[in-house]
Amino acid sequence: MAKWLMKSEPNKFSWDDLVAKGDVGEEWDGVRNYQARNFMRDMAIGDQVFFYHSNIGLEIVGIAEVSALAHPDSTTDDPRWECVDIRAVKPLPTPVTLKDVKATPELSQMALVTSMRLSVQPVTQEEWDLVCTMGGL
DNA sequence: GCCAACGTTGGC
DNA sequence: GCCAACGTTGGC
């Protein structure tokens, strides 16, 4: 099962907003970046996703999962853009901040650090496990 | 609010 | 196919 990380600006769509959606989840629309789209095409139902708050908070706040495979983005007529749906699984007891990630040598290769602007990115199993531990799971 | 990084667009 | 201009992202 692959692991991922997705970013959202909490003043637009926050972790709490995703939790409020329940099992229905939320269409991850609005991505207009080929690399990010390609990663979403690679996702499978049930893949685990870190939910990261950009701009405000700057921390990984919870775990979500893919609830629908990539499909056309309903917010555009442009057939190039596709997205998955995700739903909340559980919050991290202790959010892991960007500062924490940068201060951890084992996490220095995370795309969160190396590809700052990529909004959908893969996470290795090792990184996943470590962030979960740091987050109190 | 500013600005650096970086991806995309469009003229040539 | 190159590269300058432009727009967007996201940390600070």
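Reminder, nothing fancy here: chain letters follow the sequence lines and each chain counts from 1.
Taking the side-chain hydrogen bond (donor to acceptor under 3.5 Å, both in side chains) definition, one finds that A:Thr133 meets it with nothing, sequence neighbours left out. In this view, A:Arg32 and A:Asp73, A:Thr75, A:Thr76, A:Trp81 satisfy the side chain to side chain contact (heavy atoms under 4.5 Å, CB included) rule, not counting sequence neighbours. Looking at residues two or more places apart in sequence or on another chain, you find a salt bridge (charged side-chain N to carboxylate O under 4.0 Å, His left out) between A:Asp78 and A:Arg80. Residues that satisfy the salt bridge (charged side-chain N to carboxylate O under 4.0 Å, His left out) test with A:Glu27, not counting sequence neighbours, are absent from this structure.
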Sub-3.5 Å pairs of nitrogen or oxygen atoms, protein against nucleotides 9-12 of chain C:
{"unit_1": "C:dT9", "atom_1": "O4'", "unit_2": "A:Arg117", "atom_2": "NH2", "d": "3.3"}
{"unit_1": "C:dT9", "atom_1": "O2", "unit_2": "A:Arg117", "atom_2": "NE", "d": "3.3"}
{"unit_1": "C:dG10", "atom_1": "OP1", "unit_2": "A:Lys7", "atom_2": "NZ", "d": "3.4"}
{"unit_1": "C:dG10", "atom_1": "OP1", "unit_2": "A:Arg117", "atom_2": "O", "d": "3.2"}
{"unit_1": "C:dG11", "atom_1": "OP1", "unit_2": "A:Tyr52", "atom_2": "OH", "d": "3.0"}
{"unit_1": "C:dG11", "atom_1": "OP2", "unit_2": "A:Asn55", "atom_2": "N", "d": "3.1"}
{"unit_1": "C:dG11", "atom_1": "N7", "unit_2": "A:Asn55", "atom_2": "OD1", "d": "3.4"}
{"unit_1": "C:dC12", "atom_1": "OP1", "unit_2": "A:Lys102", "atom_2": "NZ", "d": "3.3"}

Using nucleotides 3-5 of chain C, report all nitrogen or oxygen pairs with the protein that are shorter than 3.5 Å.
none

Without placing hydrogens or testing angles, list every side-chain donor-acceptor pair under 3.5 Å for residues 5-13 of chain A, not counting sequence neighbours.
{"unit_1": "A:Lys7", "atom_1": "NZ", "unit_2": "A:Met116", "atom_2": "O", "d": "2.2"}
{"unit_1": "A:Lys7", "atom_1": "NZ", "unit_2": "A:Leu118", "atom_2": "O", "d": "3.3"}
{"unit_1": "A:Ser8", "atom_1": "OG", "unit_2": "A:Phe13", "atom_2": "O", "d": "2.4"}
{"unit_1": "A:Glu9", "atom_1": "OE1", "unit_2": "A:Asn55", "atom_2": "ND2", "d": "3.3"}
{"unit_1": "A:Glu9", "atom_1": "OE2", "unit_2": "A:Lys12", "atom_2": "NZ", "d": "3.4"}
{"unit_1": "A:Glu9", "atom_1": "OE2", "unit_2": "A:Asn55", "atom_2": "ND2", "d": "3.4"}

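Residue pairs satisfying the side-chain hydrogen bond (donor to acceptor under 3.5 Å, both in side chains) criterion with at least one member in residues 87-96 of chain A, sequence neighbours excluded, are listed as follows: A:Glu65-A:Arg87. Every pair tested for salt bridge (Lys or Arg N to Asp or Glu O under 4.0 Å) that includes a residue from residues 100-110 of chain A fails, sequence neighbours excluded, so the list is empty.
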